[in-house]
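Written below as structure tokens is the structure these notes are about.
All values below were derived from every heavy atom in this structure, side-chain atoms included, with hydrogens, water molecules and symmetry-related copies excluded. These numbers come from a predicted model, not from an experiment.
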Amino acid sequence: MPRRGLAVPRSVCYKRGLDSPACLGFSRASGGCMSSNGLELLDRTVGCGEVSEADAEAGREVVLTGWVHRRRDLGQLIFIEVRDRTGSVQVVFDPSENAEAHKDAEQLRAEYVVGIRGVVRPREQPNPEHPTGMVEVRGHQVALHNRATHVPIQVDDETEASEEIRLKYRYVDLRRPKVQQPLFLRHRLGRAARGVLDGQGFVEVETPMLTRSTPEGARDYLVPSRVHPGKFYALPQSPQLFKQLLMVSGFEKYFQFVRCFRDEDLRADRQPEFTQIDIEMSFATPEKIYGLLEEMVATMFAEIGVKIERPFRRMPYDEAMRRFGIDRPDLRFGMEIQDPGDSVEGTGFRVFDGAIDAGGMVRGIVAPGAASSSSRKVLDGWQEQAKRAGAGGLVWIKLEEGKISSPALKALGEERCKAIAEALGATTGDVALLVADSREICERVLGTLRLSIASELDLIPADRWELCWVEDFPLLEWDEDAGRFVAKHHPFTAPRWDELDKLAEDPGSVRAQAYDLVLNGTEIAGGSIRIHRKDVQDRVFRALGIDEEEAEDKFGFLLGALAAGAPPHGGIAVGFDRTCALLSGCESIRDVIAFPKTTSASCLMTESPSAVDEAQLKELHLKVLDPGPSDKDKEGDR
RNA sequence: GGAGCCGUGGUGCAGUUGGUUAGCACACCGGACUGUCACUCCGGAGGUCGCGGGUUCGAGUCCCGUCGGCUCCGCCA
């Protein structure tokens, strides 16, 4: 059964067309042959969106190929807008000019695939709203390449179907210019980046998609081996080790546009498979990497007509945390975390004193101009957010003309409240927000509030681009669940050479030679100088709780390579999807991926993942222990 | 794993306190129309209200469960 009720005449019409020996063209009710078999109209001479006024003045004959975007049938005159990826243009069929073409055009409907020959003319009634609205094509010949009997969603930039429907019928959704544009930009950004890398002598080398699972990091996607019963390949989370090995092999400068796979829960900016521009160079220093990336990023920005100032700003990790409460600060606006200094000391206010006595601190931010708009409900909302982020509470001080309000007014008194708010930089009309807790919690909570309040108050300028290197990350961080240190970047990141000796006694204090590139609060690239000496790698593995045996078992090839004359090296990887999303103004990376997956990592179009035959499983030596709901059980859902 | 929002003709939405035949727009089909441009006008077809269960004389509406989509937390070296 068809998905929607098809009116009989149309499906009859469709069948008739296919029955015709030359189904590429029209079948006439008379039974006569079509004016064209269509093949001669496969050769487009100009894109629909590229038909120009010069063409009109010259009265140029053109051939268009594309889809019927809109039909305006006035009975005698028929207007057809033809669309291809370059845009659309109006074709007019006038029976007094070409009766045969007009008769053919009567049968055209939305999304039919056509070739049209005609002559470009200036319009009698131009439409300045439309890019090609000054001209039209007088239609002289039509070839119908295909009809469209099931078009589940309208191909229209104005009306948007739900994302669920759009993903299911992605091949139709992708016809919409608005949906195509980000993918075209993605192509141009990729080309720009490649051009810079190629120009600097980088060589693109492919690395395996079927590789081995390694500990640390994200959950792997596994591929069962048919030949080796019970063994599995893993899809790469990144080509990290391979690119290091290429350095050992003397490739000097490597890059790759590479798909990476991580089996973790999805977000607007996370897909299970995503693309990195992976880069590695021998004898690298952070300076060399920064220089390369800055040229690359500036070249990519040039594609959207934005000039980027170089060199980019740099900020140590500690400073980013102190001022912005996050390791990827959004520098498009202020509202930095402030230290109220001695204004909060010795107040007798339990919240403040308690935190300070416990070795913690009091920190705050100012929501500028928020006094009048911050109702009790708004303030409660902020408080709620602060608690969710880990704070015990949130102290607010509202400075209004001649009036100060705060839940701490009683405990602190009006003068104190005013002094504290002013110590944070607040003036009349502002709201000061304070958190008293450990350093980590103060930073995390205020960092979270800073972003959400700025967005709420519309304080983030949409047209600014703020790039920043964040450097001097800690090498390791304590993992409460695992009860051990884990690598903040990855286990092959070099410690600062001058802090190597602290690795054994105080691993948490060692800083890494790692760096992230942050654009408007999003991490778009991250990298490091790698460990190129086996003895250092051994020491880092030990700090991570990986003993010699496990290291040999899982990373033997790397250790072998480091012992075989590995040059100092380092690199970086750019999150290409995220970068494309930011530069094209898309909110989700799904919009810069042709066939993305949903938040449950399935593809609504192909209905993957799917069950497979018993025989296939057997061949792979697999048995499914816990079959989820079968596809049949899910039938009713959509 | 957790929280929130959402699911009604092909598509986007409305649907009151639970009450008659589930309504609107666009799309679709037929007809009319020689300058439209989101053409217009007339007519028509199209729905087990995601799925399952419950409460009720009666459920699109209330309750429970479940599936799916999106956002966020956990997770993502």
Side-chain angles (χ1 to χ4, degrees), chain A residues 2-13 69-81 88-90 92-97 102 109-111 123-130 132-133 136 148-169 172-173 214-219 237-238 240 260-272 274 385 388-390 448 452 475-477 479 481 485-493 512 514 523 526 528 544 587-588 590 597-600 602 604 628-629 631 633-638:
Chain A
R3 285 186 193 281
R4 58 170 183 175
L6 269 181
V8 173
R10 182 139 156 198
S11 60
V12 167
C13 189
H69 190 55
R70 255 182 252 285
R71 174 179 75 119
R72 294 182 286 273
D73 183 349
L74 273 58
Q76 293 295 302
L77 281 183
I78 298 174
F79 297 93
I80 299 288
E81 262 179 64
S88 67
V89 68
Q90 171 170 293
V92 59
F93 294 95
D94 186 337
S96 66
E97 184 172 341
H102 179 268
R109 296 292 182 273
E111 300 310 311
R123 281 210 203 168
E124 273 175 42
Q125 292 178 18
N127 178 1
E129 303 295 307
H130 196 286
T132 61
E136 68 189 2
T149 55
H150 298 83
V151 186
I153 51 180
Q154 290 171 54
V155 181
D156 183 351
D157 272 352
E158 305 309 314
T159 55
E160 183 117 324
S162 73
E163 188 143 16
E164 194 172 353
I165 295 293
R166 291 176 53 205
L167 289 174
K168 180 164 182 179
Y169 303 106
V172 176
D173 194 49
T214 53
E216 308 283 317
R219 211 173 281 118
Q237 293 177 31
S238 85
Q240 182 58 38
C260 302
F261 305 86
R262 290 176 194 177
D263 186 5
E264 295 293 348
D265 288 340
L266 275 56
R267 288 284 191 286
D269 62 352
R270 275 171 15 201
Q271 284 273 303
F274 59 97
Q385 273 187 57
R388 263 206 310 272
T448 305
S452 65
L475 181 71
L476 308 167
E477 58 190 350
D479 182 328
D481 297 333
F485 280 102
V486 295
K488 184 154 178 81
H489 189 56
H490 57 56
F492 321 109
T493 298
E523 179 199 331
S528 63
L544 290 169
E587 303 218 328
S588 164
R590 287 189 298 276
K597 298 206 166 37
T598 68
T599 46
S600 64
S602 47
L604 296 177
D631 292 347
D633 293 341
K634 289 185 189 170
E635 267 312 303
D637 52 13
R638 280 275 93 186

With a cut-off of less than 4.0 Å, is there a side-chain N or O of [X] near OP1 or OP2 of [N]?
X	N	value
R72(A)	C39(B)	yes
Q154(A)	G12(B)	no
S600(A)	G69(B)	yes
T599(A)	C70(B)	yes
S602(A)	G69(B)	yes
R109(A)	G30(B)	yes

side-chain hydrogen bond (donor to acceptor under 3.5 Å, both in side chains) partners of [X], counting only residues at least two apart:
X	answer
R166(A)	E160(A), D173(A)
Q154(A)	none
S452(A)	Q385(A)
S600(A)	T598(A), S602(A)

Please report the distance, rounded to the nearest Å, between [atom1] in [X] and [atom2] in [N].
X	N	atom1	atom2	answer
R590(A)	U71(B)	CZ	C1'	9 Å
E111(A)	U11(B)	CD	P	16 Å
R71(A)	C37(B)	CZ	C1'	14 Å
I165(A)	G9(B)	CD1	C1'	13 Å
L604(A)	C67(B)	CG	P	16 Å
H150(A)	U11(B)	NE2	C1'	15 Å
E587(A)	G69(B)	CD	C1'	17 Å
L74(A)	C33(B)	CG	P	11 Å

For [N] versus [M], give the span between their [atom1] atoms, rounded off to a whole number of Å.
N	M	atom1	answer
C5(B)	G47(B)	C1'	25 Å
G52(B)	C13(B)	C1'	26 Å
C26(B)	G18(B)	C1'	31 Å
A14(B)	G9(B)	P	13 Å
G10(B)	C28(B)	P	15 Å
C6(B)	C49(B)	C1'	14 Å
A59(B)	G43(B)	P	35 Å
U48(B)	U40(B)	P	29 Å

Any donor-acceptor pair, under 3.5 Å, between the side chain of Q90(A) and the base of U36(B), if you only look at N and O atoms?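 Such a pair is found, so the answer is yes.
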Is there a donor on the side chain of E136(A) or the base of G35(B) sitting less than 3.5 Å from an acceptor on the other?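 Pair found.
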RNA chain B: E477(A) or L77(A), which has the more 5' nearest nucleotide? L77(A)
Heavy-atom nearest nucleotide on RNA chain B for G75(A) versus S162(A): which residue maps closer to 5'? S162(A)
Per [X] side chain, nearest of listed nucleotides [options]:
X	options	result
D73(A)	G35(B), C33(B), U11(B)	C33(B)
A268(A)	C72(B), A38(B), G69(B)	C72(B)
A161(A)	C37(B), G12(B), U34(B)	G12(B)

For [X], which contact category applies under a 4.0 Å heavy-atom criterion: base, sugar-phosphate, or nothing?
X	value
E129(A)	nothing
R388(A)	nothing
P491(A)	base

Is there a Watson-Crick or G-U wobble partner for [N] with both distances under 3.5 Å, and which nucleotide is it?
N	answer
G18(B)	none
G47(B)	none
C37(B)	none
C70(B)	G4(B)
G10(B)	C26(B)

Atom pairs under 3.5 Å, N or O on each side, protein against nucleotides 74-76 of chain B: can you list them with distances?
from   : atom 1 : to      : atom 2 : distance (Å)
G74(B) : N7     : R267(A) : NH2    : 2.8
G74(B) : O6     : R267(A) : NH1    : 3.0
G74(B) : O6     : R267(A) : NH2    : 3.4
G74(B) : N1     : D265(A) : OD2    : 2.6
G74(B) : N2     : D265(A) : OD2    : 3.1
C75(B) : O2'    : E264(A) : OE1    : 2.6
C75(B) : O2     : R270(A) : NH2    : 3.1
C75(B) : N3     : R270(A) : NH1    : 3.3
C75(B) : N3     : R270(A) : NH2    : 2.8
C75(B) : N4     : R267(A) : NH2    : 3.3
C75(B) : N4     : R270(A) : NH1    : 3.3
C76(B) : O2     : R270(A) : NE     : 3.3
C76(B) : O2     : R270(A) : NH1    : 2.9
C76(B) : N3     : R270(A) : NH1    : 3.0

Return the minimal non-hydrogen interatomic distance between [X] and [Y], and the atom names on each side.
X	Y	answer
A148(A)	A110(A)	CB-O, 4.1 Å
Y169(A)	I153(A)	O-CD1, 4.3 Å
A268(A)	S588(A)	O-OG, 3.2 Å
T132(A)	R123(A)	O-NH2, 4.2 Å

Partner of Q237(A) under side-chain contact (heavy atoms from CB on, under 4.5 Å), picked from R219(A), E264(A), R262(A), H490(A), is R262(A)
Mind checking ring-ring contact (aromatic ring centres under 6.0 Å, His included) for H130(A) and listing every partner two or more places apart, or none if nothing turns up?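 Not a single residue meets the ring-ring contact (aromatic ring centres under 6.0 Å, His included) criterion with H130(A).
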